[in-house]
Each structure stands twice: as C-alpha cells, then as structure tokens.
2 protein chains.
Amino acid sequence: MQIGELSRRSGLSVDTLRYYEKVGLIEPPARDGGGRRDYDPDILRWIDFLGRLKATGMGIGERVRYAELRREGAGSLTERREILEAHRQAIAERIEALQQSLDLMDDKIDLYGRMERGEPVDPAFADCAGQERALT
Amino acid sequence: MQIGELSRRSGLSVDTLRYYEKVGLIEPPARDGGGRRDYDPDILRWIDFLGRLKATGMGIGERVRYAELRREGAGSLTERREILEAHRQAIAERIEALQQSLDLMDDKIDLYGRMERGEPVDPAFADCAGQERALT
DNA sequence: GTAGCGGCTGGAGCGCACTCCAGGTCAAGA
DNA sequence: TCTTGACCTGGAGTGCGCTCCAGCCGCTAC
C-alpha cells in the first residue's frame, strides 16, 4: 500500500504519516523499486490505536515511548500494561471532571434561560448587568 | 488586589494574567497610583469559569468571543446561552468518546495481563511478537 | 517523448497558548 | 538614602503537532 492510499484509509495526511515515521510513532516501511514507501495493511490497526491514545489526551512523547516498547516485542508487555493502566486512570479522571463541568453548564444554561424569560433569579447567582457571579 | 496576589489565588501565572488581558479574556482592571493593576476580587469567579471552558476543550478564540458577549451585558444572554448549549453538547460527545476509549483500554490491559501470565489468548487478538493486532 | 501524477527529501512556517526577557518605574523598609 | 522586590511594557522565544514548500525522481498514458 502506498502512502496516498494509507492516507485515505487512515484519515491522516501524507505529511502526517511521514512525520509520524520521522518521530518514531510508526516504523519505517519497506520501499518499492522506486524508493516509495510500501506499507503492510496491518499498520492501519496500529494507527487507529495511536489515534485513540491521542484522542484520550496522551501526548506525542508518551506515544513515541509506547511505540518504542511495542517494537521491543513481548518483553515489554508489563511496561506497556503499566503505561496503559496509568493512562486508563487519567481518562477516568478526565471523564469525571468533564461530567462535573457538564452539570455546571446545565445549571448555567438553565439560569440564562430563566433570566431571558425575565423570571426571578436568586440575586446571589446573577447580577442585573448579566455579569453572572455564580455557577462559575 | 495586585496581580501577584491574583496569580496566587487564581493559579494562573502573572504573565498569563497579562496575556489574558491582552487578548481580551479579562477586562483591563483599574490601576493604582503607581500604574499597577488593581483587581476586583470578583474577577476570580470569572477566571474560574474561563478555566472550566478551557478544561472542557473550548479554544481561546471562542472564549474571547464569550468574554466579549459578557461585556455587552444582559442583551447578549441568548447568544451566550446558545454558545453554552453547543459547548454542552460537545462535552457530552467527548465524554461518550472517552468512555468508549476507557473500555478499550480495559480490554487491552486485560489482554496484556493474560499474555504476561502466559495464558492462551485468541490468536486473532495478539501475535507472538507482542505486536498486538486487535483491540485497537 | 512528454505531460501528469504521485512520491521523495530537507527544511521552513504556522497556530495555539503561553512563557520569558530586557530595561525600566515605583513604594516601602533598614 | 539606598536597596529590595513587585510591578510595568513591548517584543522575542518555546513546545506541540503538524503543514507546506521547493526542487527533484520515476512510472504510466497518450
């Protein structure tokens, strides 16, 4: 598979794929006769997983570290598991924090709705100029 | 309150506070006789709320837009509510995606644990070199 | 044979969100 | 009076994660 096709199938740009190779997130692939990158389709699974790690807030440095361990093979299983466990914990905390903020947004949206309809609101929670003081 | 104290109480650096003022996230405060910024303690509530918006993924451009509307006062309530509703939706989607990834991490952590203990794993889910293929 | 396309490399540039710095002012305490 | 420390401004620098570019090569189709 050439880089253009991998780009289409992975959703990453050609430039990003080459960048990922440069920084060590993906292995340098085989080259065809003309010196072009020729990827094994299995790389798609790895790229997807990298996308998950990224989407869940893992920075590029730690992703590179994980990729290095993966290259080392089965001997790095324990260390990889530990990284994933720490990351799992970080995700859980993020979800918790987001849930709290979601509730806050709901309260604030509700307050705004009541202010828009001219309903009385606890003056401790909003001043007349719309410079809301609470629920922040 | 001087900028140093606000920095300590808000958790933002002095530089960040001046930067936030420059880009329009916080209002230019009054100045004391010596030309130093003299903040109203109420600003802490606003800074906290800005922190929430940021922590939930709102970029600086949109935060600045929200801050502008807030300065306009009560007339911008509807537009602010609409922004918050859209943002609320984005947070809910983020939580959903994170929850899925969390489940994936759990599966993968479990798989690694079984591989470490030498337990048999479905060969479709892991190859011998530790180059796991599935759960990605 | 030549035009077009996709790919190659090395390196520069970019947007975000700060962070740091030089060179200065000002107020309060020893 | 002198020193210390907090604060001031404008502007440069940083790290992340790409993104773009110039200039080149090689395959395929016309």
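Residue numbering restarts at 1 for every chain, and letters A, B, ... go by the order of the sequence lines.
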Colleague: Under the salt bridge (Lys or Arg N to Asp or Glu O under 4.0 Å) criterion, do A:R45 and A:D48 qualify, and how do the steps go?
Modeller: CA-CA 5 Å; A:R45 296 169 181 281; A:D48 280 357; over 6 Å; no
Colleague: Not counting sequence neighbours, which residues clear salt bridge (charged side-chain N to carboxylate O under 4.0 Å, His left out) with B:E68? List them please.
Modeller: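 Only B:R65 meet the salt bridge (charged side-chain N to carboxylate O under 4.0 Å, His left out) criterion with B:E68.
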Colleague: Which nucleotides of nucleotides 12-30 of chain C have their base under 4.0 Å from a protein heavy atom (B), which only their sugar-phosphate (S), and which neither (-), written as one string 5' to 3'?
Modeller: -----BBBB-----BS---
Colleague: Using whole Å, what does the distance between atom C1' of nucleotide C:dC8 and atom CZ of A:R31 come to?
Modeller: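 Result: 8 Å.
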Colleague: Please give, in whole Å, the distance from C:dG7 P to A:E21 CD?
Modeller: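 Checked: the CD to P distance equals 14 Å.
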Colleague: Calculate the interatomic distance between B:L17 atom CG and D:dT9 atom C1'; express it in whole Å.
Modeller: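 Interatomic distance, CG of B:L17 to C1' of D:dT9: 16 Å.
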Colleague: How would you list, by chain and number, every residue that makes a side-chain contact (heavy atoms from CB on, under 4.5 Å) with B:D38, sequence neighbours excluded?
Modeller: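 Result, side-chain contact (heavy atoms from CB on, under 4.5 Å) vs B:D38: none returned.
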Colleague: Send over the distance from A:I26 CD1 to D:dC18 C1', rounded to a whole Å.
Modeller: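 Going from CD1 in A:I26 over to C1' in D:dC18 covers 14 Å.
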Colleague: Test A:R88 against every option in B:D106, B:D107, B:D110, B:D103 by the salt bridge (charged side-chain N to carboxylate O under 4.0 Å, His left out) rule and name the one that passes.
Modeller: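 The salt bridge (charged side-chain N to carboxylate O under 4.0 Å, His left out) with A:R88 is passed solely by B:D106 among B:D106, B:D107, B:D110, B:D103.
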Colleague: Please report the distance, rounded to the nearest Å, between CD in B:Q2 and P in D:dA6.
Modeller: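 Those two atoms, CD and P, are 10 Å apart.
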Colleague: Which whole-number value in Å describes the distance from B:D38 CG to D:dC8 P?
Modeller: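 My rounded result for the distance is 10 Å.
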Colleague: Under the criterion side chain to side chain contact (heavy atoms under 4.5 Å, CB included), which of B:I26, B:I47, B:L6 is the partner of B:L12?
Modeller: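 In the set B:I26, B:I47, B:L6, the residue that makes a side chain to side chain contact (heavy atoms under 4.5 Å, CB included) with B:L12 is B:I47.
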Colleague: Taking the inter-plane angle between the rings of A:Y66 and A:F49 on a 0 to 90° scale, is it parallel (under 30°), tilted (30 to 60°) or perpendicular (over 60°)?
Modeller: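 Rings of A:Y66 and A:F49: tilted, as their planes differ by 30° to 60°.
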Colleague: To the nearest Å, how far apart are B:Y39 OH and D:dC8 C1'?
Modeller: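 One finds 12 Å between C1' of D:dC8 and OH of B:Y39, rounded.
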